[in-house]
Amino acid sequence: MSSPALGGSVSGVAASSAASAPATSPVSHLRTLALVGPAAAGKTTLAEALLVQAGMVGAAGSVERGSTTSDFDPIERRMQHSLHTSVLHLDHQGLRIHLLDTPGSADCLGQSLPALEAVETAAIVINATSGIEPMAVRMMAWAAERQLDRMLIVNRIDAPGFNAAALLAQIQATFGRECLPLNLPANGGREVVDCWFAPEATPGHEADVSSVAAAHRALVEQVVEVDSAFVERYLEEGDVDARELHAPLEQALREGHLIPVVFVSAKVGTGVSALLDVIAQLLPDPSEGNLPDFFKGEGSAARPMHARVDPDAHVLAQVFKVTIDPYVGKLGIFRIHQGTVTPSSQLYVGDGRKPFKVGHLFRLQGKTHTEIPSAGPGDIVAVAKVDEIAFDAVLHDAAEDDHIHLKPLPFPVPVHGLALKPRRHGDEQRLSEVLAKLAAEDPCLRVEHVASTHETVVYGLGELHLRVLLERLREGYRVEVETAPPRIAYRETITTTAQAQYRHKKQSGGAGQFGEVHLQVEPLARGAGFEFVDVVKGGAIPGQFIPAVEKGVRLAMEAGVVSGHPVVDVRVTVLDGKHHSVDSKEIAFVTAGRKAFILAMREAQPVVLEPVVDVEISAPEAMIGDITGDLAARRGEVRSTTPQLGGLASVKARVPLSELSGYQLRLNALTRGEGSYTLALSHHDAVPLGVQAEMVKGWQLRDED
């Protein structure tokens, strides 16, 4: 079947008439895959080569020149580095292929991981000269956890010194013996030879590694193992025509019993045509892959359900990407799992009660949006200017389908903080609004307004993540900010009971001020907070002035007594006091209460508390000794080390947060950029006496008169 002609398209949200765009493709004519894996593996160059091979673009763009279809963002072009998942499509052999090009940096996992929600196949791209990198291992594991079909694409096979046999051995050692080549490099990486449909090599086109016959035999044996009828035929006849094995092949891919390996050089085009044929002929259509895990209901009441790959059923679609352009507005990009969406469709967002009309339905090609008349199961499309749309929302057209959601993705926790302050006075509200928009686009970006330090702090996955955020603030939204490391949330407390009293007396010619407070402070358990107790007898302090005493105590606690940090976990008991019938006023008892608390706390053996965090580090196993030694030098306590898949290991430790400033740079140095870590607050603990002495010395309490 020949593919229909594409409709006209223009950049931005404006698009051609829906009448000129092609109709919805049958499910059997759709393929969806995401190019994932480490940075610098050549994913964007490969996506461009596939577009050229399929005739979707006239000439290949270049990452170095900033002219690829995928990397259209100005920051991406300047950095020569993918930062966002780009949505592409192409036609081949009468089929429509939806292709997602994802960034490979660990700082961009908020963009790359959601792509796994939208496809049947995860294609992990490996740099032939770098071998198996940690991001390839992680993406393989995440794709397996989502029950996606997986394939490995080895790129840059024309690189000098490339050893295909060694890399295949490494692949199988890391990911299992089910990783088998569908083709093999030949003629020094200048061509590839098919091993699936061809039972043996064509004369003059022998593979550079192994043999076509051996690779073909291994593939067929692996596939027929899932179907006993074909096992018997294979044993009897010695081979089975690969064209008869479509159903068991798809089953083997679904079950992870076969992970195909293909070889390409995207830069020069070697193997790109063969890869397109593999995608079209061997990868699953939406009805052949594993259905995603939807759940209906919340919490423990949620029950699993699966979408039906049926264009006539109710609509179920999932938003896996949101972009908010300062000039164009919000764009929601979603994968349809069930039903058909048209411009006249009325869709609900999650459990929302008011539907929106689609109005304009778009197919994307990088930055180019083409309006289309309809889309069905397996299609990846977009709608614009719908404020209610949010990342991970489920779209549906039946009110009874509310409270449906997909199994959550395992996003890493953003732990790299940066305190922001607008450079121009009056931009505080605008900064808050822009940060909210950027956080809506990125599930791994967290914005926190820290009351204890009066700071706006953004948390991301690393230095690159936050650097891109700052550039988007400046270039996209014209918001200039000043940055600083976030302040450590130290606290103060006491370790013993103490009493003090303070008389505030002020006479200035007219009405004076008088108030005297006797109080006691005693420590509470960690996390208990603050208790205020009044045991004054006989009206020594009239009842109307007791709130003023508490206010004074709270003011002193907020300001800190020994190091300028808030006081916690203290019980304050007002024991006695004195008042004057004329001169006693609220301000007098506020001052007396504050100063009495300061005096008492200084006698109660105060300590400074610091936050201690649970750290989990993932890094190559060979480097764990250096990491644990470095943690010990940072006052850390290593709690466990655990081997992981692919030569990695996990280290769990508890470390004072103050010791982890700039830790990613140190970890990069220790692991050659292959380490990552997450943080979670464990508890607060007393700082060492030497550290406390320095903190006290560097801060002087400002007593207010």
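Throughout, residue positions are numbered sequentially from 1 according to the sequence presented.
At least one donor-acceptor pair closer than 3.5 Å links the side chain of Arg634 to the backbone N or O of Glu659. Here the side chain of Arg31 pairs a donor or acceptor atom with the backbone of Ser28 at under 3.5 angstrom. Remark: the backbone N or O of Leu347 is not paired with any side-chain donor or acceptor of Lys357 at under 3.5 angstrom. Between the side chain of His89 and the backbone N or O of Leu364, at least one donor-acceptor pair lies under 3.5 Å. Using modelled atom types, no side-chain atom of Gln222 and backbone atom of Glu178 make a donor-acceptor pair closer than 3.5 Å. Within the 3.5 Å criterion, the main-chain N or O of Ser658 finds no donor-acceptor partner in the side chain of Ser661. Checked by atom type and distance alone, the side chain of His684 pairs as donor or acceptor with a backbone atom of Ala489 at under 3.5 Å. Under the 3.5 Å distance criterion, the side-chain polar atoms of Arg146 are matched with a main-chain donor or acceptor of Lys407. Under a 3.5 Å cut-off, the side chain of Lys330 and the backbone N or O of Asp387 do form a donor-acceptor pair. In this structure a side-chain-to-backbone donor-acceptor pair under 3.5 Å is missing from Asp101 to Ser86.
One side chain, Thr32 or Glu120, offers a donor N or O that lies under 3.5 Å from an acceptor on the other. With 3.5 Å as the limit, one finds no donor-acceptor pair spanning the side chains of Gln111 and Thr102. Between His403 and Glu298, the side chains place a donor N or O and an acceptor N or O closer than 3.5 Å (distance only, hydrogens not considered). Checked by atom type, the side-chain pair His465/Asp442 shows a donor-acceptor distance below 3.5 Å.
Each of Leu100, Val119, Asp392, Leu116 was scored for a side chain to side chain contact (heavy atoms under 4.5 Å, CB included) with Phe320, with one residue passing: Leu100.
Ring orientation note: the planes of His360 and Phe362 are close to parallel, at an angle under 30° on the 30°/60° scale.
The two residues Ala439 and Val447 come nearest to each other via the heavy atoms CB-CG2, 4.2 Å. Here the closest non-hydrogen pair linking Val638 and Ala653 is CA-CB, 3.9 Å. Residues Gly378 and Arg335 come closest through the heavy atom pair CA-NE, 3.4 Å. A pairwise comparison of heavy atoms in Asn668 and Gly675 identifies OD1-O, 4.3 Å as the closest pair. When all heavy atoms of Ala143 and Ala122 are compared, the pair lying nearest together is CB-CB, 3.7 Å. Of all non-hydrogen atoms in Arg353 and Pro355, the two that sit nearest each other are O-CD, 3.8 Å.
One finds the CG atom of Asp569 at 6.5 Å from the CZ atom of Arg526 (value rounded to the nearest 0.5 Å). Rounded to the nearest 0.5 Å, atoms CD1 (Ile624) and OG (Ser650) are 8.0 Å apart. The distance from atom NE2 of His84 to atom CG of Asp73, rounded to the nearest 0.5 Å, is 4.5 Å. Taking NZ of Lys321 as the start and OG1 of Thr85 as the end, the distance is 5.5 Å to the nearest 0.5 Å. We find the CZ-CG distance between Phe334 and Leu395 to be 5.5 Å, quoted to the nearest 0.5 Å. Residue Ile153 holds its CD1 atom at 8.5 Å from CD1 of Ile124, rounded to the nearest 0.5 Å.
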Criterion salt bridge (charged side-chain N to carboxylate O under 4.0 Å, His left out) on Arg654 and Glu637, from CA distance to verdict
CA-CA 5 Å; Arg654 280 189 179 158; Glu637 174 194 354; 5.6 Å; no
Evaluation steps, side chain to side chain contact (heavy atoms under 4.5 Å, CB included), between Val137 and Ile132:
CA-CA 7 Å; Val137 176; Ile132 308 299; 3.7 Å; yes
Stepwise side chain to side chain contact (heavy atoms under 4.5 Å, CB included) test for Met305 and Leu316:
CA-CA 12 Å; Met305 61 167 288; Leu316 274 183; 3.9 Å; yes
Checking Leu409 against Glu145 for the side chain to side chain contact (heavy atoms under 4.5 Å, CB included) test, could you report, in this order, the C-alpha distance in whole Å, the side-chain angles of both residues, the deciding distance, and whether it holds?
CA-CA 10 Å; Leu409 281 163; Glu145 196 272 336; over 6 Å; no
Run the side chain to side chain contact (heavy atoms under 4.5 Å, CB included) test on Asp402 and Tyr348 for me, step by step, so that the C-alpha distance in whole Å, both residues' side-chain angles and the decisive distance to 0.1 Å come before the verdict.
CA-CA 8 Å; Asp402 61 353; Tyr348 296 90; over 6 Å; no
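Partners of Glu133 under the salt bridge (charged side-chain N to carboxylate O under 4.0 Å, His left out) rule, at least two apart in sequence or in another chain, do not exist in this structure. Partners of Pro134 by side chain to side chain contact (heavy atoms under 4.5 Å, CB included), not counting sequence neighbours, listed by chain and number: Arg138, Leu648, Glu674.
Atom NE2 of His306 sits in a crowded spot, with more than 12 heavy atoms from other residues, nucleotides or ligands closer than 6.0 Å. The 12-atom threshold is not exceeded at CZ of Arg177, counting heavy atoms of other residues, nucleotides or ligands nearer than 6.0 Å.
With respect to the salt-bridge test (charged N to carboxylate O, under 4.0 angstrom), the residues Glu558 and Arg554 do not qualify.
Between Leu152 and Phe175, some side-chain heavy-atom pair lies under the 4.5 Å cut-off. Between Leu660 and Val615, some side-chain heavy-atom pair lies under the 4.5 Å cut-off. Side-chain contact between Phe356 and Lys385 is absent, with no heavy-atom pair separated by less than 4.5 Å. You'll find the side chain of Tyr663 reaches within 4.5 Å of the side chain of Ile617, heavy atoms only. By the 4.5 Å heavy-atom criterion applied to side chains, Val457 and Arg446 are not counted as neighbours. In this structure, Ser345 and Val315 have side chains that are not in contact, with every pair of non-hydrogen atoms separated by 4.5 Å or more. Contact check for Leu418 versus Leu470: side-chain heavy atoms found under the 4.5 Å cut-off. Leu88 places a side-chain heavy atom less than 4.5 Å from the side chain of Ser70.
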Show every donor-acceptor pair shorter than 3.5 Å between a side-chain atom in residues 288-295 and any protein atom, with sequence neighbours excluded, or say none if there are none.
residue: Glu288; atom: OE1; partner: Asp285; partner atom: N; Å: 3.0
residue: Glu288; atom: OE2; partner: His246; partner atom: NE2; Å: 2.8
residue: Asn290; atom: ND2; partner: Gln147; partner atom: O; Å: 2.9
residue: Asn290; atom: ND2; partner: Arg254; partner atom: O; Å: 2.9

